[in-house]
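To start, the structure itself, in structure tokens.
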Amino acid sequence: MRSTRRLEEMEATASSVVPDAPPVVTLECVDLVKNFGGVRAVDGVSLSFEAGKVTALVGPNGAGKTTLFHLLTGSIKPDSGAILYRGSPIQGLPPWTVAQMGIGRLFQDVRIFPNLTVLENVLVARPIQRGERALVSLFAPRVVVKEEADSTDRASEWLDRVGLSEHADQPAQALSYGQQKLLAIARLLAAGSDVLLLDEPTAGVNPMLIKRLLTIIRDLSGGGRTVVLIEHNVNVVLDVADWVYFLDEGQVAAFGLPQEVLSDPVVRGLYLGLRA
Amino acid sequence: MRRNSWHSIPPVLAILPILLFWGCQRTKPSRSEEPIRIGAILPLTGESARYGQYIREGIDLAVAEINTDHGINGRPLTIIYEDDAAQPRLAASAMTKLAEIDHVPVVIGSWASGCVLAEAPIAEKMKVVVMAIAISPKITAAGDYIFRIQPSATSYINALVPYLVHKVGVRKLAVLYVNNDFGLSQAADIREQFEAQGGTIVFAKGFPSGTADFRTEIAELRKANPDAVFVPAYTEIASFLKQAREMGLSTRFVASVPFENPDILKLAGSAAEGVIYPYHYCSGPANDLDKGFRIEFAKRYGKEPDGFAALAYDAVRIIGSSLKAVGTDPDRIKAALYATHDFPGVTGKTSFDSNGDVIKPIIIKTVVDGQFVDLPSGGGTSAQALGNQQAD
Amino acid sequence: MLLQLLANGLVNGCMIALMALGYALIYNTTRIFHVAHGAAYTAAAYLCYLLLIVFKWPLLLAVVGGVAAAALLGVTMELAVYAPLYRRGASDLISLISSLGLYVALVNLIALLFGNETKVLRPGVEKTCRLLGVILTRIQVAEVVVAAVLLPLLVLFLKRTLWGKIIRGVRDNPVLAEVLGIDLMAVRIAVFAAGSALAGMAACLTALDVGMDPQVGMPVLLTAAVALIVGGVGTFEGPVIGGFLLGLIQSLIVWKISAQWTDVITFGVLIVFLVFRPEGIASRRRRLEESAA
Amino acid sequence: MNYLWHILVMISIYAILAASLNLVTGYSGLLSLCHAAFYGIGAYVTTLLMMRAGFGFLPAMALGAALTALISLAIAIPSLRLRGDYFVLATLGFQVIIFGVLYNWVSLTQGPYGIPGIPIPVILGIPVDTVFRYALLSGALAVACLVMIRAVARSPFGRLLRAVRDDEIAAAALGKNVPRIKITVFALGAAFAAVPGALFAGYMRFIDPTSFTLAEAIFILSIVVIGGAGSLAGPVLGAAFMVLLPEALRFLQMPDAVAANMRQIIYGLLLVVLMRFRPQGFLGKYGFE
């Protein structure tokens, strides 16, 4: 075990740092294991994420970070271990159920809907639309029209928030990569997710847009949401993260405040050394 | 690439309706010196195209002869061919087109029974006489305007079963039928007739049209050991016979109407020897008319006429004589056809019953030395065949 | 009786396996649902007919000609239709629809040139051999011999040699293969040639045995595709195993039920495999699409 | 004029078929080769209800649509977890199986004999007994179906379909129950395909399984592709084109011996050329890319 501290110690530290506000753990996983063929991609990982905080997952490529996101969102099923959302187990549930419970995800490769317009991308994300039922759309068009007007207003607000209103009617594939990331975030916001899992939100994005992105992320956690990000950019981690998990070879190698973890010599050797 | 609008539609789309309307304009109803047009709907493509081809050869020869002999009261006869690829949908389309655009009073065909049944309601409604060359018993009741020059499938069996039971002495019969309306109805008819005559059916299985490998069925047939195997099928029977001989199945083989097809002899070779089957057309010239037909046919196409060509030839001549007698009014043609009695055709004396079904002799034939030949005692007299017809 | 049934199934299985292996070569490498493969099959049979019956070539040369024609047609289809689509980055579905178009056009061209009627290459009764009560014609014996020689050799070749590795590499990751300096287009041409030649071989042998008409290609192709799925996509022994299994099953259907249910049951088997064991018999891995997100 | 009315009936039938398949293939990206089976089930159920249970045309058609949708569930539920080629193959398999059942279940469907003498539809007491009246009926039904399909396509449900087509993993991550959406659209497409089945049966007054083959399924799919997958007007235009093409070729003075094969060759080459140079069809926005 290479981790600098044991899990119990980590938790003790975590609560001792912020003594005044009792942390609310929204999402946690316990002893998660996932094998691919002979490879242990995730090897007994236990993590917990708090409401109103930004938690960063860092670690070298192949450390199992993205696999962890797959597991947390139900895209793949763990071999063993538990995932708890507000105390109740969610492992084994299909991805749409997990998403409906309030766990949203930004994909590393954004995964916008390229042939839909920017506005439509956001509209799709709105949860529980009656017009999304085929028979309602066929036989109760008035209900749908009213609902759509409302949805469009809300969607436009979110687009405004990420600064994409002027592109609303363009096909999403016409946007730049950075703009696509903003769109994907707007989509997440529209979905009303409580927990946001962001896989490398700043990768491939120009500094201007990174700034806008980070503001949004800070606002979100400030508003009480749980934000988890996978991030390679040290400055971003130092800038927005409240907590950092360092993962290596499918295990948690370190946990703590960003400055602490990122100044740990082992972490520096493993991670920053590689990426210097 | 994604900005598309109407102007990017290929111009061919615009051409289509123009072509269509041009076509409609082009074919006006005929005046008195113009040719008399009649239609023909045949399978000219697809799996059944060969039969369409045979029928066409008979039609073309008859038309050529009528036209060299002053046509229809001085007006030449022309045929407008339409393809149905043996698909009912296309037959219906072709029927409507012939009735509506070409205003034909008579349509010959189709060959596939399903196509005739699809044509029938349209022909009834638009008052077009249909002369089908199809075999299904269902066509009997298809409508007032629907005639057919080919005997119903049942009448072939009516002629075949007494021969099998009394002349050949078959007691145990196996049936291996092509799984379509023809094969199924033949199998059902022969079961009924054969069991009524005291025989037993020891094996009955279908196979999909186009099957080329019968070795598993043959292995079973060897075990079932029948006196004879009845195989109502198309050219599939060639493969069956070949493989049956190869695998040493030594029973008598009985076929149905489509057996008389030179291709089958070519394919099966010596394996076709001795196969018994019912047919509507003799091998030797049946009469002087037939002798002339065979000579002309050989001159024109360099081969012997097929039984379907002969039926088609008779059909055109019967229609031609009706046209000569009563003109181009479909109702009068219809009446003339119902009144046709013992028309001298190359396939024998031909009449129509009140359902529009043909009454004509059916004979039993076989293969000897690679030739289709008539069996002397198998019938051939009009009287006996007529008797069978009436029993139907 | 039972032995004869097994023998019939085996002979049919040989031909399905040849066709399926050829199809697998193309499908595994290019991911094209190559329906026009059926047209290559038909074309080979007809060219063999042309050479043997019309031009009176010797049998062996006519078969070689048929096989070569199939290979040539396969390569031509790749160069004229599929390669441009691939370069443009068109999806598999575009290729599928193009392939359907090719099939319709080619089969009707063959019908136009040769007529719609059934043709046989060896009319009349064939000489037979008897072994343990099983009767086989000489052509059937030839079918078994060709399959017994070709199939193991090819499967071993594909599993053991560099060529096999390249083909598998292209299948698993065409982009990576190209980065590694493999000439993707050359590999595609090679698999189209080899796969179509196998179809041509199956076509000529089957035509010698039972003859052909212009429509024979599609059912053979579909059976081969089912054999490929049942055996296991992505392997080379899979389609062979699947081919033999289908040959036996079809013989059994004819015996126990009736030939008219062959299609229904064959495709029933396909559905069962697609739903319950999509990786096929031979493959131990589950398909990637199934597990990865 | 009847000839033109007849063509209109045919265009109506294929327009509904193509538009319903377009919901499944164009909007949802599920390439299905069993649409002819649904068309056939619709035709048979309507026919049998009319002839054996004495139903009127419209009630029989509605029940036929419902039953077809139900049967489609049996196909959709096992097939929809398959992707790409595998899904295509599964639908192809079901097409062959359903054709085989229609063909071989003689006691119910009269199998290869077909069912002749289907009663003339009577709408509001008026017998639809001329080609003109039938063109009105089929035209009206086509417009009704197309309007409904348009409503579905433009609704949030339609948007969801396009989202699933573009990226089903992303759609699932947004809380959308992807399998249920696919099953719903598949059933909806099947239900709409039953309507032209009923129209066809009532028009031909004779049905047999050979009208509902794999070749027919491919034909319907090519209408969608040629017209333009994922567009609203595309299937109508495609249907018009594909129905008119052979009819127009009837008037070209080709030697008869080659005409029919030539038509098929032209049709095949047209598909190839279109896929090469205009994969999104005449009007489509989405080219399966």
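Chain A is the first sequence line, chain B the second, and so forth, proteins listed ahead of strands; every chain is numbered from 1.
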TODO: Take Leu89(D) and Ile229(C) through the side-chain contact (heavy atoms from CB on, under 4.5 Å) test and state the conclusion after the steps.
DONE: CA-CA 9 Å; Leu89(D) 255 179; Ile229(C) 302 284; 3.4 Å; yes
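Put simply, CZ on Phe87(D) and CG on Leu274(C) are 11.0 Å apart, with the number rounded to the nearest 0.5 Å. Here the OG atom belonging to Ser99(C) is positioned 11.0 Å from the CG atom belonging to Leu271(D), to the nearest 0.5 angstrom. Atom CE of Met262(D) and atom CG of Leu112(C) lie 7.0 Å apart (nearest 0.5 Å). Ile265(D) contributes atom CD1, which lies 5.0 Å from atom CG of Leu109(C) (distance to the nearest 0.5 angstrom). Atom CG of Leu221(D) is separated from atom CD1 of Ile97(C) by 5.0 Å, given to the nearest 0.5 angstrom.
What you find for Ala111(C) and Asn261(D) is that their closest heavy atoms are CB-ND2, 3.7 Å. Contact between Met275(D) and Leu85(C) at its shortest, heavy atoms only, is O-CD2, 3.7 Å.
Residues of residues 92-101 of chain D having a heavy atom under 4.5 Å from any heavy atom of chain C, listed by number: Leu92(D), Gly93(D), Phe94(D), Val96(D), Ile97(D), Gly100(D), Val101(D). Scanning residues 245-260 of chain C against chain D with a 4.5 Å heavy-atom cutoff picks out Gln260(C), ordered by number.
In this structure the side chain of Val233(C) reaches within 4.5 angstrom of the side chain of Tyr86(D), judged on heavy atoms.
Only the backbone of Phe277(D) comes within less than 4.5 Å of a heavy atom in chain C; its side chain stays farther off. Neither the backbone nor the side chain of Ile265(C) comes within less than 4.5 Å of any heavy atom in chain D. Only the side chain of Val88(D) comes within less than 4.5 Å of a heavy atom of chain C; its backbone N, CA, C and O stay farther away. For Ile271(C), the part lying near chain D is the side chain, with the backbone staying farther off; criterion is any non-hydrogen pair under 4.5 Å.
Arg276(D) is linked by a salt bridge (Lys or Arg N to Asp or Glu O under 4.0 Å) to nothing, counting only residues two or more places apart in sequence or in another chain. Contacts of Leu100(C) classified as side chain to side chain contact (heavy atoms under 4.5 Å, CB included), with partners at least two apart in sequence or in another chain: Val35(C), Leu96(C), Ile218(D).
Residue with the most contacts toward chain D among Trp261(C), Phe33(C), Tyr103(C), Tyr27(C): Trp261(C) (heavy-atom pairs, distance under 4.5 Å). No other option in Val272(D), Leu269(D), Leu214(D), Asn104(D) has as many heavy-atom pairs under 4.5 Å with chain C as Asn104(D).
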